[in-house]
Every structure is written in structure tokens, then in C-alpha cells.
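Worksheet: one structure, shown below.
For the numbers below, each heavy atom of this structure counts, side chains included, while hydrogens, waters and symmetry mates do not. Letters go in sequence order (proteins before strands), and every chain restarts at 1.
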Amino acid sequence: MIRRIVVLLALVVMSGALIFGGVHRTQAVLASESGTSGGAVYETGGGPATNDESGVRDGSGSGRHGGGGSNGSGSGSESYTE
Amino acid sequence: MREVLIERQGTPSRRTLVHWAMVFMLSISGLLTTLTGIYFLVLPSGGYQGGRNPDYGKTFLFDRDIWVGIHRWAGIVMIAVAVIHIVLHWQWVTEMARRSMAIARGQRKPFNHKIWIRLAVVSVIGLVFLGVAASGIYFFVLPEGRAAKFVVFLFGRSTWDLIHTWASIVMIIVAVIHLAQRWKWVVRVTQGVARSAFAWLPGLRRPVVRGSMAVQERLTEGGVL
């Protein structure tokens, strides 16, 4: 009986972890999909620079994938500081 | 007389050995594809993506290409072995289909709940296996690359990716349930195989299988039920 409960628990934990990973991957795939088809994708990215401090808030940027967005007009070289 | 025969044979039959070898190879290749698949769940994309991919350039143990290679080839082996596994059990598949139809028509007494659960598990595995195998072959034929991104075969690449991801997740979960259901058979036959493989060792020289014919038949059936 105890063995069955342990197996069931392990199965539930494993399923949960896999589903969590699946959701994570799905989000990445969908984000990548919208990135290649244009649109306001790059919320924080500022083009081919890095994904860190040089981003433009709500800007469209000019990333390698995807076209210009509709929510902003920043460029990759702009920066903001908190 | 039959009991004596069982006692003397002691080792699994050739048919059982073939089934066991299939299950063994399926388990090893399945484990490899699962472990490498988990890598792709944790680090979903290796591409650059214009600075919005925080996982870009991350590695774990090996380069991403090596993970892709292991996943691809272990997956191909798994598909091949799974097809052989299905072929070996084809008689069981057709028989269960025939009996299920007879039950549906009311010509036969229903299965007990254990058989129904096993039948459901095997059916789900079979269905999702089609999705995993088809999408896996798609990615094998059209590996990642700039040109492949724009090739559409029935669906876009992202749709194939999602089919592969979710069919694999369901298949892993249900395959673990299937293995748990058949665990006693796996343990019993593995012990028999180990005994016959290491029969030259003192202490393991004489394999002993006690029990009724029913037990022996379960040993040799190698089937799903």
C-alpha cells in the first residue's frame, strides 16, 4: 500500500514537472513564432545588442527576428536608467 | 509432469527473451530521449532571438548540438524498436480489438477493470506515439536551420514542435504507468535473464523457477496483459 502511494506521488510530481516544462517550452516556441512574423515583440530588447541594460521600454527595436512593433518607437541605442 | 519441465527449464523462453530485449532497448532509448528532452524543456531555445533569449549561449554538461544529436539518434532507435514491439504484439492488438468490438456489441462479457485500464493505457501510448514519431521524423528530415524555418509540411514548424513536445510529455507519463503495470513481469524476466547469462558463476548455476504453469505462462507470454 505504502509502495503504491509512493509510486503515485512520484508519478504526480514527475507529471507536474513535465507539464511545467512543457508550458515553459510552449511559451518560448510561441514567442519565437511571433518574433519571426513581426509585430510588437521586443518589449525590452533593443536590437542586436544584449538583453540587458540597453533595452527600450515598450520600444520596438530592430532585432534580428521580427519587424517593428506598434507600441513604441525607440531604437536599439537608447537606454534608460532606473 | 509440466511442473517438472518448468523446474528443469528455469530460464525464459526464446520468445520471452526477444520481448525482454525489446523492452530493454525501448527503456534505454526512451530514457535517453526523455533525459535529453528534459534539457530542451528547461532550455527551450538555443537561438539568438534578437536579445530576448536569456538562455542564449547557456550550456549544461555538453554543447546544445550534442544534446540534439543524442536526442535525435536515441529517438530514431526508440521509434524503430517501438515499431518492432508493436509488430511482436500485433496478435494481441488485433485480439483485444476483436474482443472490445464484441463487448461493444454485447456479444461478450466485459473485461474486468484492470484490463480496461491496461487497454486504455496502451491505446493512449499508441495514439501519442504516432504524434511523437511523426513530428520526430519531421525534425529528423528537416533539422534546425534558417531554410527549414520556412518549409511548411501540413503545419508550420512551431506547430510540429508543440505536437512533439506535448505528445512526448503524455507518452512519458503513460509509458511510466505502463512500465509500473508490467513491473512484476520485468523483474521476473530480468532475474531469469540474469540467471541464464551468469549461469557459469557458482551460486547462480541452477536457476529455480517455482510455481504453477500460469506463472510460467505469464513469464513466457511477454505480452501486455
field: Atom CH2 of B:W73: over 12 foreign heavy atoms under 6.0 Å
entry: no
- prompt: Does CH2 in B:W183 sit with more than 12 non-hydrogen atoms of other residues, nucleotides or ligands closer than 6.0 Å?
  reply: no
message: Just to be sure I understand the criterion: a residue of residues 29-40 of chain B counts if one of its heavy atoms is under 4.5 Å from a heavy atom of chain A. Which ones qualify?
response: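 Hits under 4.5 Å: B:I38, B:F40.
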message: Under the criterion side chain to side chain contact (heavy atoms under 4.5 Å, CB included), I'd like the reasoning laid out for A:H24 against B:L41: C-alpha separation, chi angles, the key distance, then a yes or no.
response: CA-CA 7 Å; A:H24 180 59; B:L41 292 183; over 6 Å; no
query: With a 4.5 angstrom heavy-atom cut-off, which part of B:S158 approaches chain A: side chain, backbone, both or neither?
result: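 Both the backbone and the side chain of B:S158 come within 4.5 Å of chain A.
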field: Structural part of B:I173 lying under 4.5 Å from a heavy atom of chain A
entry: both
Reported CE-to-CD1 distance for the pair A:M14 and B:I172, which is rounded to 0.5 angstrom: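 If I round to the nearest 0.5 Å, the distance is 7.0 Å.
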Residue pair A:T26 / B:W166: nearest heavy atoms and the distance that separates them: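 Shortest heavy-atom separation between A:T26 and B:W166 comes out as OG1-NE1, 2.9 Å.
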Part of A:L11 lying under 4.5 Å from any heavy atom of chain B: side chain
Can I get a per-line list of side-chain donor-acceptor pairs under 3.5 Å for residues 122-133 of chain B, giving both atom names and the distance, sequence neighbours left out?
{"from": "B:S123", "atom 1": "OG", "to": "B:L119", "atom 2": "O", "distance (Å)": "2.6"}

